[in-house]
Protein chains: 2
Amino acid sequence: MEDGTSKAPGYCTGTDDDLARQWDVRADCDVRHILDRVADKWSLLVIALLDRRTMRFTELRRAVDGVSQRMLTVTLRQLERDGLVHRTVYPVVPPRVEYELTPLGMSLHEVIKSLVIWTEEHQQEISTARSAFDLRTAEEEHQLQAMAR
Amino acid sequence: MEDGTSKAPGYCTGTDDDLARQWDVRADCDVRHILDRVADKWSLLVIALLDRRTMRFTELRRAVDGVSQRMLTVTLRQLERDGLVHRTVYPVVPPRVEYELTPLGMSLHEVIKSLVIWTEEHQQEISTARSAFDLRTAEEEHQLQAMAR
DNA sequence: CAGTATCCCTTTTGATACTG
DNA sequence: CAGTATCAAAAGGGATACTG
C-alpha cells in the first residue's frame, strides 16, 4: 500500500535513456505499478461489468464468478483509489452502496475491451498451440525414456 | 498446469445466457484463463521487448528489470506454449537461444501497446486520484480519533 | 446489506546451487 | 549461456465471525 504516490520514483515516460526502446521497464516505474493494477484479474472483470451500468456490491459479487467478498472489497477499493470507479453510499438501512465507472474508468474499459476481443478471437489458435506444444513435450520425454533403456 | 487444454470447460464466447452482458465471466472460462496469462506482469514486458527484435535469454533477463531467472524461464515457456513466442536453439557451445514473437504474438502486441499507451497517458490522473483518496481516508481517520476522545 | 477483522492455507516468487 | 532443481519467504486469497 501507499505505493507509487509519494515516492515518485522518477518519471518513466519519455526518458532519454538510449536504451529506452519504446517504454521504460524499470521495476519501480509508475507505468508498471499502474499496469499491475490494471492488468489484475478481478479489476478487469469488475470494469467490464460496470461498463454496462451502476451495480451494487452484492450484485457484483454474484456477477463475478468465483470472487470472495474480501477480494471484491479489496478490488473495489483499489479501483476507487485509482479514480476508475466511483462509490456512492446511500445513508439508509440496510445500507445501499452503488459502484459506477468514472470517465477515466470508461476510457480504460475501451482498452480492456480490445484485449478481451483479441482473446476471444484468438482463443482457438492458442488452444491449438498449447496442444501442439504439449504433444511435442510429451514426445521428447518419451524419447528420453527410450534412451535411458 | 495442463489447464485449459483438454478440459474444454465449455465454450464461453457468445453464450446465449440471458445474463451474458457482453462476455462470459465464468471462473473456468477459456477466455479468463487466457486473459490471466496475457495480462501477466512479466508476459506484458517480454512481449513489449520482443516486438523490437529477436533477443537472447540473458539479454532479456537484463532488459526486464527485476525478473528472476526462474520467472523469466517460466514466462517464456508459457508464451511459447501459447504460440506467442518462438524459441530457437542453436546447437553450439556455449548454448545460444533466441526468442522472437510469432505472428500471433505480434498481433497481441498491438493490443498490449494500446494498454501501455493508455497507462502512460493517464498516469498523472491516477496519481492525482490516489493522493486525493489517501487524503480523504486520512481525514476520516482523524475524525474518528477526534470522536473517540 | 455491505462491509471489516482474523486466521490460515496455498500459490507465487526469489535466492541459491547445480548442469549440459 | 541457458537453463533445471530445490527450498524458503512472501504474497494472494478463502472461510469464518463479527458490526453499523
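In the text below, chain A, chain B and the rest are named by the order of the sequence lines, each starting its count at 1. Computation of the quantities below employed the complete heavy-atom set of this structure, encompassing side-chain atoms and omitting hydrogens, waters and symmetry-equivalent molecules. Bear in mind the structure is a predicted one, so any value in this text is a computation, not a measurement.
Residues satisfying the side chain to side chain contact (heavy atoms under 4.5 Å, CB included) criterion with B:Glu80, sequence neighbours excluded, are A:Phe133, A:Arg136, B:Arg77, B:Arg87. Judged as a salt bridge (Lys or Arg N to Asp or Glu O under 4.0 Å), and not counting sequence neighbours, A:Glu100 has no contacts. Residues satisfying the side chain to side chain contact (heavy atoms under 4.5 Å, CB included) criterion with B:Ser107, sequence neighbours excluded, are A:Trp118, A:His122, B:Leu104. Every residue meeting the side chain to side chain contact (heavy atoms under 4.5 Å, CB included) condition with B:Ser68, not counting sequence neighbours, appears here in chain and number order: B:Arg70, B:Met71. Contacts of A:Arg96 classified as salt bridge (Lys or Arg N to Asp or Glu O under 4.0 Å), with partners at least two apart in sequence or in another chain: A:Glu98. Contacts of A:Glu121 classified as salt bridge (Lys or Arg N to Asp or Glu O under 4.0 Å), with partners at least two apart in sequence or in another chain: none.
Of the two residues contacting DNA chain D, namely A:Asp40 and B:Arg77, the nearest-nucleotide position lying further toward the 5' end is that of B:Arg77.
Atom CG of A:Leu60 is separated from atom P of C:dA2 by 10 Å (rounded to the nearest Å). The separation between B:Asp36 atom CG and C:dT11 atom C1' is 13 Å, rounded to whole Å. Counting to the nearest Å, the P atom of C:dT4 and the CG atom of A:Leu72 are 11 Å from each other. When rounded to the nearest whole Å, the span between CE of A:Met55 and C1' of C:dG3 equals 17 Å. With rounding to whole Å, A:Lys41 atom NZ is found 13 Å from D:dG12 atom P. Straight-line distance from the CZ atom of A:Arg87 to the P atom of C:dC1: 16 Å, rounded to whole Å. The CZ-P distance, from B:Arg37 to C:dT11, rounds to 16 Å in whole Å. Going from atom CG of B:Leu76 over to atom P of D:dC1 covers 16 Å, rounded to whole Å.
For the helix from C:dC1-D:dG20 to C:dG20-D:dC1, the axis fitted to the five pairs at one end and the axis fitted to the five pairs at the other end meet at an angle of 50° (nearest 10 degrees).
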task = Let me have a per-nucleotide readout for nucleotides 14-20 of chain D, 5' to 3', with B, S or -, counting only protein heavy atoms under 4.0 Å.
result = BB----B
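One finds no side-chain N or O of B:Thr73 lying less than 4.0 angstrom from the OP1 or OP2 phosphate oxygen of D:dG3. Regarding contacts with the backbone of C:dG3, a side-chain N or O of A:Tyr99 is found under 4.0 angstrom from either OP1 or OP2.
If you check every strand for non-hydrogen atoms under 4.0 Å, A:Arg56 touches sugar and phosphate atoms only.
At distances below 3.5 Å, not a single donor-acceptor pair connects side-chain atoms of B:Ser43 with backbone N or O atoms of B:Ala39. Between the side chain of B:Thr102 and the backbone N or O of B:Gly83, at least one donor-acceptor pair lies under 3.5 Å.
Hydrophobic cluster of B:Val92: the remaining members, joined at side-chain heavy-atom separations below 4.5 Å, are B:Tyr90, listed by chain and number.
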